[in-house]
Number of protein chains: 2
Amino acid sequence: MHAMAWTARNSEGYAAPVALAADAVVLTVRDGVLLVLCVRRDDGALVLPGGFVGETETPLETVRRKLEEKTGVRQGYFEQLATFAEPGRDPRGWVPTVAHLALVPPDTEPTDPAAAWVPARPAPALAFDHGAILAAALDRLEGKLWWSNVAVGILPGAFPLSQARSVYAAIAGVDYDPATFARDLKATGLIEPTGEQQADGPGRPAALYRFVSADPAWGAGRRKRVAPPASART
Amino acid sequence: MHAMAWTARNSEGYAAPVALAADAVVLTVRDGVLLVLCVRRDDGALVLPGGFVGETETPLETVRRKLEEKTGVRQGYFEQLATFAEPGRDPRGWVPTVAHLALVPPDTEPTDPAAAWVPARPAPALAFDHGAILAAALDRLEGKLWWSNVAVGILPGAFPLSQARSVYAAIAGVDYDPATFARDLKATGLIEPTGEQQADGPGRPAALYRFVSADPAWGAGRRKRVAPPASART
DNA sequence: TCAATAGTGTCTGTAAGACACTATGTA
DNA sequence: TACATAGTGTCTTACAGACACTATTGA
């Protein structure tokens, strides 16, 4: 079953990577729980979704393509994370991977039966260096949460502040005071009221908001509290 | 003179990158000016230093090796920045590059005659996508300045606060009040007094400080003012 | 003694956390 | 009316920016 490691040479005769991979830490929030999309391989290993970068595409395009194959989603927030290129990281040979962070709506369902949502905390046991990739993604996400519109990938087009608060709290690992949360999220300038309301069950109907931009954007610069970084929580 | 673009295939028959590159945005501060190390190629193009990643090394090791070849320095602050892998970015063929941020002491002198220090602002005209790499490096540096010990790469082992202030001001593109600067840098917990003093010219001698750690580390979390990001300054 | 640089103390504005209180819907 | 959720107002603490003032050296 064990194939020999792949090799590759370029036309100048020097060794080249045998392939360039692109992996994605695909995250969403359901019922206040941060979930990561994982794939169970035939050999039982639990890994992050990913694939090989084609000659004519960027790693980001690879990630979008693979994610669409596995879940059908095209929308979300996508961002390059870091490249993992330690020589022995992939048993197939020299395969650097460009890791990405992807946030998708909570109603995203895996179409590939090997893929499934798994709670991101505590971190699941992933094969190869995928645990380190996941940790890097969570650190990045927490770090950008209050400084950018990352959450636009998870929240629907129009949402009440309570839903935003649930998402932010799940990502940050902290509970936010509703009043303070509303004040500070509005102060970032990243969201704006839609003018509509949503009545959902008992209680006063909530005003709906939307993100001003769906493209990556930066906020006014808050300092809000988040839990200690995942790397320090072990 | 135009060679045909290189090609590469792996042993499975699929196209592979023809090589993996690692480039570095090497920065330092001299006399309050932020400088970037550039290389003038034989064809006249101004580029960032870099090289091909070997089969048995990480991109970071490539960067350290290349920098030692060009300047002799081994110490400094090194960090991976981002990977640039747009299909047509390199005329030689499919060559993704893992860009790095490197901060080195100001007395670092190029040994390679083709390399020279160039003011980083306004940004010099660089070939290929190296301008975008430089811009990303400056954004990252400004963003991390007050949250990490990045500056440890530029400052000597022991330094007066006035020197640190000069370096921070050059990076941030802002002048800091000496009193406020001292209070806030000490509050990060990243530096500690050496107990020694340095008399340099007229005036009261300055107490010397050192960074607690030379390895990448995070501070207590300030919010200090920096100039608008380079990407917004054009 | 003066100039120059280092360092301290304090005032002010702004923002984050906490929480009491009001508003508006459904059962 | 009871209850549940949405939203407002305000108090407190912390910290960044500004700046006046003191300290310590060399010329």
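Chain letters run A, B, ... following the sequence lines, proteins first, then strands; residues in each count from 1. All heavy atoms count here, side chains included; hydrogens, waters and symmetry mates do not.
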Ionic contact status for A:Glu86 with A:Arg89, cut-off 4.0 Å: no

Out of D:dG17, C:dG9, D:dT24, which nucleotide sits closest to the side chain of B:Pro205? D:dT24

Can you tell me if B:Asp31 has over 12 outside heavy atoms packed within less than 6.0 Å of its CG? no

In whole Å, what is the span from the CG atom of B:Leu185 to the P atom of C:dA6? 15 Å

A:Glu57 side chain to A:Thr62 side chain, donor-acceptor N/O pair below 3.5 angstrom: yes

Please report the C-alpha distance between A:Gln80 and B:Thr83 in whole Å, then the side-chain angles of each, then the deciding distance to 0.1 Å, and finally whether the side chain to side chain contact (heavy atoms under 4.5 Å, CB included) criterion is met. CA-CA 8 Å; A:Gln80 192 190 109; B:Thr83 295; 3.6 Å; yes

Between C:dA16, D:dT25, C:dT24, which nucleotide has the shortest distance from any of its atoms to the side chain of A:Arg204? C:dT24

Quick check on C:dC19: is either OP1 or OP2 less than 4.0 Å from any side-chain nitrogen or oxygen of A:Thr180? no

Check every strand shown and say whether A:Ala179 touches a base, only sugar-phosphate, or nothing at a heavy-atom separation below 4.0 Å. base

State whether the distance check finds a donor on one side and an acceptor on the other, under 3.5 Å, for side chain B:Asp184 versus base D:dC15. no

Within a reach of under 6.0 Å around CD of A:Glu196, are more than 12 heavy atoms found that belong to other residues, nucleotides or ligands? no

Can you check the B:Arg165 CZ to C:dG7 P distance for me, whole Å? 11 Å

By ring pair (Phe, Tyr, Trp, His ring centres under 6.0 Å), B:Phe78 pairs with (sequence neighbours left out) none

Contacts of B:Gly203 and A:Asp177 projected onto DNA chain D by closest heavy atom; the upstream (5') one is A:Asp177

Determine whether any donor atom in the side chain of A:Arg183 lies under 3.5 Å from an acceptor atom in the base of D:dG9, or the reverse, and answer yes or no. no

Gap between atoms CG and P, on A:Leu145 and C:dA16 respectively (whole Å): 13 Å

Under 6.0 Å between ring centres, would you say that holds for B:Tyr168 and B:Phe181? yes

Taken to the nearest whole Å, CZ/A:Phe181 to P/C:dA18 is 15 Å

Quick check on contacts: within residues 191-202 of chain A, what sits under 4.0 Å from DNA chain C by heavy-atom distance? A:Gly201, A:Pro202

May I ask you to verify if any side-chain N or O of B:Lys186 is less than 4.0 angstrom from the OP1 or OP2 atom of D:dC15? no

To the nearest Å, give me how far apart CG (B:Leu208) and C1' (C:dA6) are. 12 Å

Scan A:Ala182 against the nucleic acid and name what it touches under 4.0 Å (heavy atoms): base, sugar-phosphate only, or nothing. nothing

